[in-house]
Amino acid sequence: QSQRLTGKKRDTVIIEVPAGKGITPEAPYELVKTMRASVLVLGPLVARYGSLNTNTALVGISGMGKGSALDLADDLLGKQEIVGHNVKIAPAGSGEGMVNNYFEKVKDPDDGRRFIKEQSYQSVLTRVDEGALVASLGERSGQTTLEMVRQAWSGELIGSSYSSDEKNIRLEPHSYRWSFIAAVQPTLAGPLLSDTASGTAQRMIWWSTVDPNTPDIQPPWPGTLPWTPPRWDDKDGGQTVKGRLRRIVDVCDEIAADVRRQRLRAVRGDVAAAGHGTLARLKTAALLAILDGRIDLTVDDWRLAGTVQET
């Protein structure tokens, strides 16, 4: 279920998608393509800029359509080509390996006999069709997978520092788009859910594949939706940071006041208001706005994002 703006009124539009539609394995999960690296960020409502990088977990028992949901999202949104913006789909691995997915070996312009690492992708979608892999990676001694998942969610500096230039690769804050999606069976979600001390669980948006309202009769396939991502590089109010255009998402006063109230409660010692729930809700609200063709957050976006968190 989604909502669409029609003038000043908001009409509810229900889109039914048949779960049994044939899927082509070549189609990438295109939503990550709507997020231009280092362009769209959340403003510093309480302290620092917020990233729109996301971590998502689809939870359901085997055969409940976790992978199908991702593939259907592909076909619903269609291919969204953005000139000069490269996107890569990659499997999960070590933390260092996931940073390396943004880079490729190219010939050194100063020495054609050697190769160097150069950032060739602005966005990487890490898709994990089996949550057991994430759990096993996170439990290995010295493994940095879950640490990287937490850091990238915040848009922080990620990478490694080595004496060798070959291994010394890093991504500057808010210079990359990260999207991590894991399909997880409930019995295997324990390592992610239990990792509350370091904050992995709070940095995930959790979705259940159970739908009690599934119709008895499969609806017809609606086709690719007539949707294109909003052009935030043409908007006023952008700023150049280290040679990259950065555009701040517009947040209405009511949401900003609510965020600051939550922050005030947290810094005064209210444990229930602490954590990353508010930022996760802001990210969700921003994604809902983008799906509606906007980069301004309204009270309706905030309310719907809250519903997503509660369910």
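Any value given below was found using the heavy atoms of this structure, including those in side chains, with hydrogens, waters and symmetry copies removed. Residues take their numbers from the sequence shown, with the count starting at 1.
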So, the side chain of [X] versus the backbone of [Y]: is there a donor-acceptor pair under 3.5 Å, distance only?
{"X": "K66", "Y": "L58", "answer": "no"}
{"X": "W178", "Y": "V149", "answer": "no"}
{"X": "W153", "Y": "R203", "answer": "yes"}
{"X": "E147", "Y": "G95", "answer": "no"}
{"X": "T224", "Y": "L77", "answer": "no"}
{"X": "K88", "Y": "Y102", "answer": "no"}
{"X": "R281", "Y": "W302", "answer": "yes"}

Check [X] against [Y] and note the closest heavy-atom contact, atom names and distance.
{"X": "A256", "Y": "V251", "result": "N-CG1, 3.9 Å"}
{"X": "I116", "Y": "R114", "result": "CG2-NH1, 3.5 Å"}
{"X": "E96", "Y": "M148", "result": "N-CE, 4.4 Å"}
{"X": "A152", "Y": "I158", "result": "N-CG2, 4.2 Å"}
{"X": "L297", "Y": "A286", "result": "CD1-CA, 3.8 Å"}
{"X": "R177", "Y": "S123", "result": "CB-OG, 3.1 Å"}

List the steps and the verdict of side-chain contact (heavy atoms from CB on, under 4.5 Å) for L288 and D300.
CA-CA 10 Å; L288 291 171; D300 282 345; over 6 Å; no
Check for me, please, whether Y176 and L157 land in the same ILVMFWY cluster - side-chain distances under 4.5 Å, paths through other members count.
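No, Y176 does not connect to L157 through the hydrophobic network.
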Co-membership, hydrophobic cluster, residues L72 and L225, 4.5 Å side-chain
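Shared cluster, yes.
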Heavy-atom side-chain contact between [X] and [Y] under 4.5 Å:
{"X": "L287", "Y": "L291", "answer": "no"}
{"X": "E104", "Y": "K117", "answer": "no"}
{"X": "L76", "Y": "P222", "answer": "yes"}

Return the [atom1] to [atom2] distance between [X] and [Y], rounded to the nearest 0.5 Å.
{"X": "D292", "Y": "W227", "atom1": "CG", "atom2": "CH2", "value": "10.5 Å"}
{"X": "R150", "Y": "T145", "atom1": "CZ", "atom2": "OG1", "value": "10.0 Å"}
{"X": "R263", "Y": "R260", "atom1": "CZ", "atom2": "CZ", "value": "12.5 Å"}
{"X": "T284", "Y": "Q309", "atom1": "OG1", "atom2": "CD", "value": "6.0 Å"}
{"X": "N55", "Y": "T200", "atom1": "CG", "atom2": "OG1", "value": "8.5 Å"}
{"X": "T56", "Y": "R127", "atom1": "OG1", "atom2": "CZ", "value": "12.5 Å"}

Would you please say whether a donor-acceptor pair under 3.5 Å links the side chains of D301 and T298?
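Checked: D301/T298 side chains pair up, N/O donor to acceptor below 3.5 Å.
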Counting heavy atoms not belonging to D111, are there more than 12 under 6.0 Å from its CG?
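Atom CG in D111 is packed in, count exceeds 12.
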Does atom CH2 (W207) have a neighbourhood of more than 12 heavy atoms from anything else shown, all under 6.0 Å?
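Atom CH2 in W207 is not packed in, count stays at 12 or less.
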May I have the step-by-step check of side-chain contact (heavy atoms from CB on, under 4.5 Å) for Q119 and L171, ending in yes or no?
CA-CA 9 Å; Q119 184 178 351; L171 295 168; 3.4 Å; yes
Apply the test side-chain contact (heavy atoms from CB on, under 4.5 Å) to residues H276 and S154: give CA-CA distance (whole Å), side-chain angles for both, the deciding distance (0.1 Å), then the verdict.
CA-CA 10 Å; H276 302 282; S154 300; 5.5 Å; no
How would you list, by chain and number, every residue that makes a side chain to side chain donor-acceptor pair (under 3.5 Å) with N101, sequence neighbours excluded?
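Side chain to side chain donor-acceptor pair (under 3.5 Å) list for N101, sorted by chain: empty.
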